[in-house]
Amino acid sequence: MHLAPISAVMMLAPTRLTHLAPVDVVILLMYFVMVIFIGFYVKGSTNTSEQFFLAGREMTAWIAGLSFVSANLGSLELMGWAGAAYQYGILATHWYWIGAIPAMLFLGIVMMPFYYISKTHSVPGYLQLRFGEGARGVSGVCFAFMTILMSGVNMYAMAVVMQVVLGWNIDFSMWVGAITVAIYVMLGGLRSAIINEVLQFVLIWAGAMLIPILGLIEAGGWHNLKAQIAVRMGAEYTHLWSTTGSFSANPMGVHWTGIVFGLGWVISFGYWTTDFLVVQRVLSANSLRSARLAPIIGSAFKMFVPFFVILPGLLALVLLKDPSGHLIQLYPDGSPQVLAGAHSFNQVLPLMMVRYLGPGLLGLGITALVAGFMSGMAGNVSAFSTVWTYDIYGAYINKKASDSHYVLMGRWSTVVGMIISVATAYLVRNSASIMDYVQELFSFFIAPLFGTVILGMLWKRATKAGGFWGLLSGTAASVFMWLAVLHDKANIRFMILQPHASADTILRVQAMAANLYRALWSWCICVAVTIVVSYMTKPKSEAELTGLVYGSTVIPHDGSRNIFEKPIFWAIVVATILFILNLWLW
Amino acid sequence: MSESHPQPGAPHPHHVDPSTEQSLSIWFFVGVLMLGCGVMIFGEGVYEFWHPGTTVLANLHPSFWWGMVMTLFGAFYTIRFRPGKG
């Protein structure tokens, strides 16, 4: 889901946007020195597989929570969603609010006890416990494949951003990024990745916060900004819900059913509760209470991310001007204007940075972007290393090796993973459209996976065969729908249940909105197949389900001593604030 | 390998590495990085009082103020989580 709608063609701009002053270079170098130092420093405490792959399960709620939200705060996301805000207006905020917060709270309150009590090391590991080797095999191979491709995409995106913003050589940026990440993940495993994600989190907040602050000052406050946007683009650009009553009343061409059920339910819950990249961060928590609190802490921070991601996109609509005072118009990636040298939507964040940030601050902003990209690579490679070692190598190739052998395999798979990532990055460089496809891949798999996991956790009757065939058919259905729309966009009308939709309506339904419905249908198909096949096959015994399924598991007390220590209390606080924010921007 | 296999993921005999008892806190790293960046940006902000920047709203001296905030934040975390503080 939360992969940004960013494209490789984005940065075919002919000239660089700015250059770094010496103070900026010093800040960037300081960051690189620190991440390498951290890798060497934590190597001594990553000797066992649990230490290497799950950071020893020693992380506090705050660290696991910041790492959890930070794993989804990469630069691809920041730049892509700032561009989406420029293109679609405030509707892009849905991907941060209803498209994230309820799922994060649900993970903490309902699902985390099962992941944590089962002592699983990965999401495929949970599927193996609940549904057997078939489901684990499908999800393990998919995860390994996706994470390694995404790492390559992050690497290439970083290199291209550095080329466009600073004029750096693409090969230089890719190799420096790859080698740095390989060193600190190989040495320190998940522990190293988590520390760097917390650093990245702080850097991004420090580096990006000034843009909306200065932007609001320049615009004369939020109300003046809304008035100016209404004049230039229309009032629908600053409303979250009131324009979603029909497909044609808003810039995204989306209906509220797609937002609520496709995004808010399937895609969001699929991503935040079953994508191993983010769930792995919470599994590193040092207690059940920390594991439950971590997603809730993460959600509280997530709620304010639109302030420095969406708001800059909105500000750019009325403030981004050339030296002569004329508004700069941005265009879609790959459009004739962009190919002729105009800026694209996805460049809006770097453009706003250059507008407001002078020497020093610009270095901080660029360092935050670099940290975000490297963190994206590190998160994917560490997840790949875990899934490869536990769910593929340890499950099918070498079942009885020693613990130290698996740690060694984890370190080597990190290096091999980075090499494959570099190869992917060069592949993307030669064929820009591959990058778009790779970003679609996650959505094929995540929505049906959520169907399988949620039925596995909440429905005792779900069987091994049901889980396997449900997951497989949901994924296949998702790929089929994607191919159908790729073949002929008019096929969207079946996905949105409007077979007689006009050509204009079909035209207005953007790819982002179509994804919501594809995810919804693939989830429904997964759930339906799982239920039907489960009723046709023999269920597991009660004893086999203990610790894995609601109703067969006694959830231990998490140690909360008063209401302020209870995860549910803070979940209600976050949900209330989210509700108020949605009402405010209705 | 089955999930219950005793090797990978099994608690290590020395589950808590003794070296981690004296380890540097993550927050210490955060503090040092913010302090380093903050001092550099603050210095640049002071310089810009005599050599004004060309960015929009440079007259508000964002480098000076933001550098000061980051320096204070970084210094607090560096001192609060310094090694050996327990």
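Letters go in sequence order (proteins before strands), and every chain restarts at 1.
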Looking at Trp205(A), I'd like to know if its CH2 atom is crowded, meaning that more than 12 non-hydrogen atoms belonging to other residues, nucleotides or ligands lie closer than 6.0 Å. yes

Would you mind telling me which of Cys37(B), Ala58(B), Gly53(B) has the largest number of heavy-atom pairs within less than 4.5 Å of chain A? Cys37(B)

Scored by heavy-atom pairs under 4.5 Å with chain A, the best of Val30(B), Val32(B), Leu33(B), Val69(B) is Leu33(B)

If you measure from CD1 on Ile195(A) to CZ on Phe28(B), what distance do you get to the nearest 0.5 Å? 12.5 Å

Minimum-distance pair of heavy atoms, taken over all atoms of Pro359(A) and Ser63(B): O-OG, 4.0 Å

Calculate, to the nearest 0.5 Å, the distance between atoms OG and CD1 belonging to Ser25(B) and Ile63(A) respectively. 6.0 Å

Please report the shortest heavy-atom distance between Thr55(B) and Arg355(A), naming the atom on each side. CB-O, 3.4 Å

Honestly, the part of Met40(B) sitting under 4.5 Å from a heavy atom of chain A is both

Please lay out, stage by stage, how Ile41(B) and Leu364(A) fare under the test side-chain contact (heavy atoms from CB on, under 4.5 Å). CA-CA 9 Å; Ile41(B) 293 168; Leu364(A) 182 67; 3.9 Å; yes

Is Leu362(A) in contact with chain B via its backbone, its side chain, both, or neither, using a 4.5 Å heavy-atom distance? neither

Is it the side chain or the backbone of Phe53(A) that comes within 4.5 Å of chain B heavy atoms, both, or neither? neither

For chain B, which candidate among Ile194(A), Leu203(A), Leu54(A) shows the most heavy-atom pairs at distances under 4.5 Å? Leu203(A)

Roughly how far, to the nearest 0.5 Å, is the CG atom of Leu361(A) from the CE atom of Met70(B)? 8.0 Å

Just verifying a value: how many Å separate Thr60(A) OG1 and Trp27(B) CH2, rounded to the nearest 0.5 Å? 6.5 Å

Side chains of Lys321(A) and Val56(B) in contact at under 4.5 Å (non-hydrogen atoms): no

Atom group of Leu66(A) that falls short of 4.5 Å from chain B, counting heavy atoms: side chain

Which portion of Val354(A) sits near chain B, non-hydrogen atoms under 4.5 angstrom: backbone

Rounded to the nearest 0.5 Å, how far apart are CD1 of Ile26(B) and CZ of Arg191(A)? 8.5 Å

Heavy-atom distance under 4.5 Å to chain B: side chain of Phe201(A), backbone, both or neither? neither

Validation row: Leu60(B), Leu214(A) side chains within 4.5 angstrom (heavy atoms): yes

